[in-house]
Amino acid sequence: MEFVHRSVLLDETIEGLAIKPGGIYLDGTLGGGGHSSVICSRLETGRLIGIDQDAQALAAASVRLEPYQDKVTLVRDNYCNAPAVVRSLGLDGVDGIVLDLGVSSYQLDNAERGFSYRYDTALDMRMDTRQSLTAREIVNDYPERELYRIIRDYGEDQFAKNIAKHIAAARKDKPIETTGELNELIKAAIPARMRANGGHPSKRTFQAIRIECNHELDVLKNSLDELIALLHPGGRICIITFHSLEDRLVKSTFRKKENPCTCPPDFPVCVCGKQSQGKVITRKPVLPKEEELETNSRSKSAKLRIFEKAAADK
Ligand SMILES: C[S@@+](CC[C@H](N)C(=O)[O-])C[C@H]1O[C@@H](n2cnc3c(N)ncnc32)[C@H](O)[C@@H]1O
């Protein structure tokens, strides 16, 4: 299967990285190598480290990045391990980092991966197929209240409670094995008049289960500090999010890094001693332009935020 994925906010991310031809860049969500190939095209003596936990993504990216192979190191890992990966290459840090979160179109379009409600296939949704937790276990083994919380918080589905109830009732008879079976349950849990309005009734629940299956929010939350610490002075991190909870995490972390002071606002001078680690480049998130929104449906909820590490340790 061909790896087809149109990179989201590509020009904006490349511009935001302010690439130095001799710099070291880390793409923590390599995918098909769309962002990485443009980064590589700007490098002279520099280097790109590309990480993805999905073996098929790495295989596709290695073909795409072949013209730059002398500058590229590809690693199958979770980006939460990026600091160890960078150190294992004998490097003390990087000049820029890109995270383009979530799934690729390739993963969604590849029926057997079980990410999409558009195919009837086994419930899987693992980005890293070495992981044991699958969507099947989440759907069949999680307590109903946990399913409700996940579908409500990660899927932002107003019918979360009823969907969780339908799943819990159905699995009493027999395990839910396929995306098709799950689709039917979700459909039954959403009133017909509401189904007619929105997009596909399963969209939100599938997103929620995928986020849970791949621990997407926990990984982001637990990685941001270390990723920022990995930046060389003046280095930039560009993060593209697709979910309001992800965006909120990135926004608040960047703000805290810029202004970590915990002194009461009426203190004349800072006594907490916490120093700024850099500055937020994007006061407001960068959103896709009209043209991109029209031609790439995956860009619809995308938001790019950029942070720049202080020029030198103060
Ligand atoms: C949206 S795609 C990236 C597309 C890429 N920027 C491009 O233009 O081709 C996201 C990729 O990140 C990978 N990914 C998501 N979370 C990850 C994580 N925590 N660690 C490593 N890879 C991850 C997915 O497997 C997927 O291939």
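Indexing begins at 1, ligand by ligand and atom by atom, following the structure's order.
Residue D54 places no N or O, backbone or side chain, under 3.5 Å from any N or O of ligand 1. Note: no N/O pair closer than 3.5 Å links S104 and ligand 1 by distance alone. Distances between N or O atoms of G34 and those of ligand 1 include at least one value under 3.5 Å.
Across all their heavy atoms, V8 and T13 have their closest contact at O-OG1, 4.3 Å.
Both tests do not hold together for R47 against Y25: distance to the six-membered ring centre under 6.0 Å, angle to the ring axis within 45°. Geometric assessment of R152 against the ring of Y148 yields a positive cation-pi assignment under the 6.0 Å and 45° thresholds.
Remark: ligand 1 atoms within the under-4.0 Å shell around heavy atoms of G31 are 3 (C), 4 (C), 27 (O). Close approach of ligand 1 to A57 (heavy-atom distance below 4.0 Å) involves ligand atoms 27 (O). Taking every heavy atom of V103 and a limit of under 4.0 angstrom, the matching atoms of ligand 1 come to 1 (C). Residue D77 approaches ligand 1 through these ligand atoms, each under 4.0 Å from one of its heavy atoms: 20 (N), 21 (C). For ligand 1, the atoms lying closer than 4.0 Å to a non-hydrogen atom of G32 are 9 (O).
Under a 4.0 angstrom heavy-atom cut-off, G28 registers as being in contact with ligand 1. Contact annotation: V8 has no heavy atom less than 4.0 Å from any atom of ligand 1. Look at I240 and you'll find every heavy atom at least 4.0 Å from all atoms of ligand 1.
With distances taken over non-hydrogen atoms, the option nearest atom 13 (C) of ligand 1 out of D52, L108, T13, N78 is D52. Evaluated by nearest non-hydrogen atom to atom 14 (N) of ligand 1, the leading choice among R64, H215, M127 is M127.
Contacts between E216 and ligand 1, counted as non-hydrogen atom pairs separated by less than 4.0 Å, are absent for every part of the residue. Contact annotation for L101 and ligand 1: only backbone heavy atoms (N, CA, C, O) come within less than 4.0 Å of the ligand. Counting heavy atoms under 4.0 Å from ligand 1, residue R298 touches it through the side chain alone. With a 4.0 Å cut-off on non-hydrogen atoms, N214 does not touch ligand 1 at all. Contact annotation for V219 and ligand 1: only side-chain heavy atoms (C-beta onward) come within less than 4.0 Å of the ligand. With a 4.0 Å heavy-atom cut-off, ligand 1 is reached by the backbone of L30 but not by any atom from C-beta on. Of the heavy atoms in D128, none comes closer than 4.0 Å to ligand 1.
Distance check, rounded to the nearest 0.5 Å: CG of L304 to CG of L287 gives 9.0 Å.
A salt bridge is absent between K251 and E246: the closest approach of a Lys/Arg side-chain nitrogen to an acidic carboxylate oxygen does not fall below 4.0 angstrom.
A donor and an acceptor atom, one from each side chain of H232 and D95, are located under 3.5 Å apart.
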Item to check | Chi angles and distances behind the side chain to side chain contact (heavy atoms under 4.5 Å, CB included) call for F115, N214 | outcome: CA-CA 11 Å; F115 282 107; N214 296 287; 4.2 Å; yes

Checklist entry - Taking it one step at a time, do N183 and S202 satisfy side chain to side chain donor-acceptor pair (under 3.5 Å)? => result CA-CA 6 Å; N183 272 335; S202 295; 2.5 Å; yes

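Between the side chain of K309 and the backbone N or O of I228 there is at least one donor-acceptor pair closer than 3.5 Å. Remark: side-chain polar atoms of Q53 are not paired, donor with acceptor, to backbone N or O of M127 under 3.5 angstrom. In terms of modelled atom types and a separation under 3.5 Å, the side chain of H243 and the main chain of Y154 share a donor-acceptor contact.
The aromatic rings of Y117 and F206 lie perpendicular to each other, with more than 60° between the two planes, well past the 30° mark.
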